[in-house]
Amino acid sequence: METIKVARPSDGVMLITLDRPKALNALSKALLIEVASALEDAEADNAIRCVVLTGDERAFSAGADIKEMPEGGIPMWAEAGRLKAWKSIERFPKPLIAAVNGYALGGGCELILLCDIVIAGETARFGFPEVKIAAFPGDGGTQRLPRLIGKFRAMMMILTGDFIDAATAHDWGLAVEVTPAGRTVERALEIAGTIAQNSPVATQMAKAEVLMSFEKPLDESLSMERQMLLWQTEDHDEGIAAFIEKRKPRYTGR
Ligand code: CO8
């Protein structure tokens, strides 16, 4: 990997660090493909139960790589490898946590919108500055942002291109917790460690069910939730047995 670093800091947890510091971790096509590929590895590996995605202290990511744009032109946005990478990140079935310090802009913020939990450092700045280069958030931002923070706040961010700070992001529901900058990744890893102790089959079902609430009409998603509830698993039997026997469960993901 040339544009990301991948580590396994604790049992069941993968940490992906965007690593193009000189370009503020801008999402070059190569970087997007490497993130997607690391997530595909995480999906295939039964030992991985949760992934944390982060950048560095200056930037989570400053968005799509503006310097690739003159050469790529309009066809670059519809290029198959790029779209496939976004799709594969969107479909990642295991819990995905963003630990955000510094700038999270444009495509960088769209990447965060695909995460399941967002922890922001006090220095984090979120924004959609695409309008300033006569573009718009075309990798999901115009659709996902208003669903998360409401129409007026989304319009404010997308139409002005102005950034919001970590406290405002927290207030608007774009981040669940704000930490001192030096503790953001550590806190995200703590949460990942907690998730990793739960049954992977249950956490993946729960993620899929919550995401359904954004995608399907309520009557449809409620009946799918009911179908999932009826889906008996070995982990569920194990969870109940462990509770009754007053011991820690040993989950296998079956
Ligand atoms: N792409 C490429 N390089 C970047 C990017 C970027 N998005 N952002 C920063 N860099 C580079 C800078 O060019 C600079 O490189 P160099 O040292 O070689 O000159 C280096 O990173 C450091 O940046 P700055 O010197 O600018 O650092 P500052 O602290 O002065 O400013 C900012 C930081 C405010 C973050 C500033 O860099 C900035 O405004 N960056 C651009 C942010 C932006 O506009 N992001 C959105 C990009 S568009 C997008 O994400 C999706 C478009 C989808 C369109 C779909 C249409 C269908």
Side-chain angles (χ1 to χ4, degrees), residues 1-5 16-36 39 53-90 92 96 98-115 118 120-149 153-169 172 174-175 178 181-182 184:
M1 299 286 190
E2 289 180 3
T3 62
I4 62 171
K5 285 187 283 200
I16 301 176
T17 307
L18 308 186
D19 190 27
R20 297 185 70 211
K22 288 187 181 146
L24 301 185
N25 295 322
L27 302 179
S28 59
K29 181 181 159 193
L31 182 143
L32 262 184
I33 289 173
E34 287 194 354
V35 170
L39 291 178
L53 190 57
T54 195
D56 56 36
E57 58 288 345
R58 220 174 143 206
F60 177 82
S61 166
D65 192 316
I66 299 173
K67 291 172 184 166
E68 280 185 347
M69 294 181 190
E71 193 186 331
I74 292 296
M76 155 183 154
W77 300 107
E79 199 275 318
R82 208 186 77 85
L83 294 183
K84 184 165 168 279
W86 273 113
K87 199 38 99 185
S88 144
I89 299 167
E90 181 187 323
F92 180 61
L96 183 58
V100 184
N101 284 309
Y103 295 110
L105 306 177
C109 222
E110 287 173 310
L111 187 53
I112 286 170
L113 298 182
L114 295 180
C115 294
V118 181
E122 284 164 349
T123 60
R125 295 287 175 276
F126 298 79
F128 287 89
E130 285 91 338
V131 284
K132 293 184 190 293
I133 55 163
F136 63 88
D139 284 313
T142 63
Q143 301 309 300
R144 291 198 175 95
L145 189 66
R147 281 170 167 79
L148 283 172
I149 66 171
R153 288 164 171 170
M155 286 288 193
M156 178 91 147
M157 290 184 81
I158 290 172
L159 299 181
T160 64
D162 288 345
F163 304 162
I164 58 170
D165 62 15
T168 308
W172 289 5
L174 255 186
V178 179
T184 319

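Counting convention: from 1, in listed order, for ligands and their atoms alike. We're numbering straight along the sequence, starting at 1.
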Results of side-chain hydrogen bond (donor to acceptor under 3.5 Å, both in side chains) for Asp165 - residues two or more places apart only: Thr168

Residues which pass side-chain hydrogen bond (donor to acceptor under 3.5 Å, both in side chains) with Thr54, listed by chain and number, not counting sequence neighbours: none

side-chain contact (heavy atoms from CB on, under 4.5 Å) partners for Ile66, two or more places apart: Met69, Ile133

Within 6.0 Å of CE in Met76, more than 12 heavy atoms from elsewhere: yes

Gly107 backbone acceptor or donor facing Asp139 side chain under 3.5 Å: no

Protein residues that have a heavy atom under 4.0 Å from any atom of ligand 1, sorted by chain and number: Lys22, Ala23, Leu24, Ala26, Arg58, Ala62, Gly63, Ala64, Asp65, Ile66, Lys67, Met69, Trp77, Tyr103, Leu105, Gly106, Gly107, Pro129, Glu130, Ile133, Phe136, Gly138

Side-chain ion pair, Glu68 and Lys29, N-O less than 4.0 Å: no

